[in-house]
Peer 1: 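Encoded as structure tokens, here's the structure I'll be asking about.
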Amino acid sequence: MTSREHSVIDLRSDTVTRPTPEMRKAIERAEVGDDVLGDDPTVIRLQERVAEIMGKEAACFVPTGTMANQTSIRAQCEHGDEILCHEDSHIVHYETGSPAALSGCMVRPARGEGGLFDEDQVRALHRPDSIHAPRMRLLIVENTHNKGGGTIWPIAQIERVTRAAKELGMRRHLDGARIWNACAATGMSPKDYAQHFDTISCCFSKGLGAPAGSAVAGDRATIARVARFRKMFGGTMRQSGVLAAAAIYALDHHRERLVEDHANAKRLASGLAEIPGVRLDPRSVQTNMVFFDVIPEIGTAAAVCQTLRARNVWMLPNGPQRIRAVCHLDVNAAMIDRAVAVIAEALSAPVPA
Ligand SMILES: *Cc1c(COP(=O)(O)O)cnc(C)c1O
């Protein structure tokens, strides 16, 4: 372990995990080829594995979750089309406007608690066929929902919104960057979710702990288009088997342990809820993410995060008074307890602005 691992408790994101020694061994052993020419055996193996896990015909390995979403959008929409998704979606807030920039698509936002919405909104926001209106082409559901709090979509609600979208002639994409967390929390299989969608993305570099990489699964024709736009967007890689090997290792060894992250998030939430000046309902914590508010009398979220950073507890502001903390492979229960103690001490008086 480096000294940083001893001193810093990094709760900024589950993307901060570093490959474990065993994962590095899998990377070292990886057989590779040139994936642009289609002959990297480890990438091929990963894609087949993801397709099987998702119950789809094919899958495509891409560098990031953003590219997984954007190639899925581009593969299924034309310029001038519209996407229906929650107003707090990752594609709305954190993908630099790429539905507009890369696919010429508008976004029609749905509203609702925790990143969820229901079929009534799908029907109300859908536009009838007309030469005046954008063509509403794609429904996107995000599960778990990141900005919504790491919330899990109930499967019955997924069935309702996707059925409504299908009846309205729309394609359906699942932003499943965090689908592994939903599966670990509910005990459902990825297929249970994926069966309701034409395309599903998943990520290996968040909770699963791989250094990089996501994938999109779907039918063969759609995945061929995803692969075409991956090339167009500059995301086709060469000896990417080194990354695919880490992803395969993560699928084999890091999915079941996500329940530990969920338990640590609950532990963190109940500790935080006891601290004066912190507003948090521990029941809102469904997976590995903890969102909480600090009262203005203590300071802004940014000022609090700065104060905590100086004390080696790293978290990110997510609004003027809102802070996000995420549990992952590189934090354990003892570190959570230490973080709670540090935060309680730091917030016992107003923080410097
Ligand atoms: C992290 C994330 C992504 C995209 O991640 P990249 O940083 O581009 O790999 C997409 N959707 C959700 C819900 C996410 O949490």
Side-chain angles (χ1 to χ4, degrees), residues 10-19 46 50 54 60-74 83 85-99 101-103 107 109-110 112 114-117 138-153 158 172-185 190 193-194 197 199-217 226 229-230 233-235 237 240 243-244 246-247 250 258 261-262 265 286-291 316 318 324-329:
D10 190 348
L11 301 170
R12 290 173 300 169
S13 175
D14 44 12
T15 56
V16 302
T17 53
R18 282 151 295 173
L46 171 64
V50 171
M54 298 299 178
C60 180
F61 184 48
V62 294
T64 64
T66 297
M67 192 172 287
N69 285 336
Q70 296 308 321
T71 51
S72 299
I73 290 171
R74 187 66 186 82
I83 297 163
C85 65
H86 194 276
E87 62 176 347
D88 284 337
S89 297
H90 197 279
I91 69 152
V92 169
H93 288 283
Y94 305 124
E95 301 188 12
T96 54
S98 48
L102 300 179
S103 299
V107 167
L116 276 61
F117 53 90
L138 183 65
L139 170 79
I140 300 185
V141 169
E142 187 178 313
N143 188 27
T144 67
H145 199 284
N146 183 335
K147 204 172 164 62
T151 39
I152 300 164
W153 273 73
I158 287 183
R172 290 139 287 143
H173 172 67
L174 175 58
D175 178 349
R178 303 179 168 282
I179 194 66
W180 315 119
N181 293 96
C183 292
Y193 291 111
F197 296 90
T199 50
I200 169 169
S201 65
C202 62
C203 177
F204 311 112
S205 67
K206 300 239 164 105
L208 292 194
S214 279
V216 184
V226 165
F229 293 113
R230 174 185 64 169
F233 297 167
M237 300 176 286
S240 36
L243 293 175
L258 290 172
D261 299 343
H262 300 174
Q286 295 180 14
T287 54
N288 65 329
M289 310 181 100
V290 180
F291 286 76
L316 290 176
N318 198 261
R324 189 186 87 164
V326 187
C327 295
H328 52 75
L329 191 56

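First listed ligand is number 1; within each ligand, the first listed atom is number 1.
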Peer 1: Quick one: closest heavy-atom pair of Ser72 and His173, and the distance?
Peer 2: OG-CE1, 3.3 Å

Peer 1: Are the side chain of Asn143 and the backbone of Trp153 linked by a donor-acceptor contact shorter than 3.5 Å?
Peer 2: yes

Peer 1: Check side chain to side chain contact (heavy atoms under 4.5 Å, CB included) between Ala185 and all other residues, then give those that pass, not counting sequence neighbours.
Peer 2: Ile152, His262, Thr287

Peer 1: Dump the intermediate steps for side chain to side chain contact (heavy atoms under 4.5 Å, CB included) on Phe229 and Leu102, then the final yes or no.
Peer 2: CA-CA 10 Å; Phe229 293 113; Leu102 300 179; over 6 Å; no

Peer 1: Would you confirm whether Ser214, through its side chain, and Gly65, through its main-chain N or O, come within 3.5 Å as a donor-acceptor pair?
Peer 2: yes

Peer 1: Would you check if Ile140 and Ile73 make a side-chain contact, meaning some heavy-atom pair closer than 4.5 Å?
Peer 2: yes

Peer 1: Compile the protein residues with any heavy atom at a distance under 4.0 Å from an atom of ligand 1; present them by chain, then by number.
Peer 2: Thr64, Gly65, Thr66, Asn69, His90, Glu95, Glu142, Asn146, Asp175, Ala177, Arg178, Lys206

